[in-house]
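Working notes for the structure below.
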Amino acid sequence: MTDQDVVDLLTAQHEEIRTLLSRLQAGHDGKRDLFTDLVRLLAVHESAEEEVVHPVAGRARFGADADIVQPRLEEENAAKRALADLYDLGVDHPDFDARFARFADAVREHAAHEEAEEFALLRAQFSSSQLRRMAGSLRAAEAVAPTRPHPHAGESALANLVAGPPLALFDRARDAVRDWRQQQDT
């Protein structure tokens, strides 16, 4: 949707993330596929936010120059580590559900903070045309973002620009092999 601005785009992604979290916690069939979808969506979403949105929000003024971006970056880095641990653990591990529940709560809280603070700041400080252009930049960043969490790559825009494309290439190759194997098993 070309008229969609960056806040609308990110809010829609947050809703998709919340839906996947809820479906996984409710024990829907296809747990492995749902988790794979969630991992990919979160990895791409957070990488693009760190590359495009957080630097812009960090330069904007909010209240008494309160830093609303750094806490989000810290939450995202913690989420990357937790998601990578869950990915390594696997959905069939007996500890997965309990650890996933803690992770899901943290992700929901993080999204609520972004929507209430950072997205409100963007709406207040930037024109609708600027926000639409940011959505285009976000989509471009998502197209080359890694599809798995890489917590040791860093959470800055520079880290995403430098490490993101090679990691994304590696991730997408792994995704293609995984998808091919799954097709061969059916």
Review point. Shortest non-hydrogen contact from Asp5 to Arg132?
Key: CB-N, 3.8 Å
**Study point:** Centroid separation Phe119 to His14 less than 6.0 Å
**Key:** yes
**Study point:** Smallest separation among heavy atoms of Ala135 and Leu9, with atom names
**Key:** O-CD2, 4.0 Å
Check your understanding: How long is the gap from CZ on Phe35 to CZ on Phe100, to the nearest 0.5 Å?
Key -> 6.5 Å
Point to revise | CD on Gln130 to OG on Ser137, rounded to 0.5 Å | key: 11.5 Å
Exercise for review: Show the numbers, then the answer: is there a side-chain contact (heavy atoms from CB on, under 4.5 Å) between Glu76 and His45?
Suggested key: CA-CA 10 Å; Glu76 288 170 5; His45 172 85; over 6 Å; no
Exercise for review: Evaluate the side-chain proximity of His110 to His113: yes if any heavy-atom separation is below 4.5 Å, no if none is.
Suggested key: no
Check your understanding: Is it true that Asp29 and Arg23 make a salt bridge, defined as a side-chain N closer than 4.0 Å to a carboxylate O?
Key -> no
Check your understanding: Name the one of Leu86, Leu83, Val44 that satisfies side-chain contact (heavy atoms from CB on, under 4.5 Å) with Val39?
Key -> Leu83
Exercise for review: Indicate the atoms forming the closest heavy-atom contact of Val56 with Phe126, along with that distance.
Suggested key: CG1-CZ, 3.4 Å
Review point. Rounded to the nearest 0.5 Å, how far does CG of Asp97 lie from CZ of Arg102?
Key: 11.0 Å
Practice item. Please say which of Glu49, Glu50, Glu118 ends up in a side-chain contact (heavy atoms from CB on, under 4.5 Å) with Arg72. Key: Glu118
Point to revise | Interatomic distance, Ser128 atom OG to Asp8 atom CG [nearest 0.5 angstrom] | key: 10.5 Å
Review point. Judged by atom type as modelled, is there a donor-acceptor pair below 3.5 Å linking the side chain of Thr36 to the main-chain atoms of Arg32?
Key: yes
Point to revise | Glu142 and Gln13: CA distance, side-chain angles, deciding distance, side-chain contact (heavy atoms from CB on, under 4.5 Å) verdict | key: CA-CA 12 Å; Glu142 288 175 340; Gln13 289 176 357; 2.7 Å; yes
Point to revise | Contact check, side chains of Leu38 and Leu34, non-hydrogen atoms, under 4.5 Å | key: no
**Study point:** Heavy-atom closest contact (Ala79 atom, Phe103 atom, distance)
**Key:** O-CE1, 3.6 Å
Practice item. Step by step, work out the side-chain contact (heavy atoms from CB on, under 4.5 Å) result for Glu115 and Leu10. Key: CA-CA 9 Å; Glu115 291 168 6; Leu10 291 171; over 6 Å; no
Exercise for review: Working to the nearest 0.5 Å, report the span between CZ of Arg108 and CG of Leu21.
Suggested key: 5.0 Å
Check your understanding: Do Lys31 and Asp92 sit within salt-bridge range, that is, some charged N less than 4.0 Å from a carboxylate O?
Key -> no
Practice item. Measure the spacing between NE2 of His54 and CG of Leu73 and express it to the nearest 0.5 Å. Key: 5.0 Å
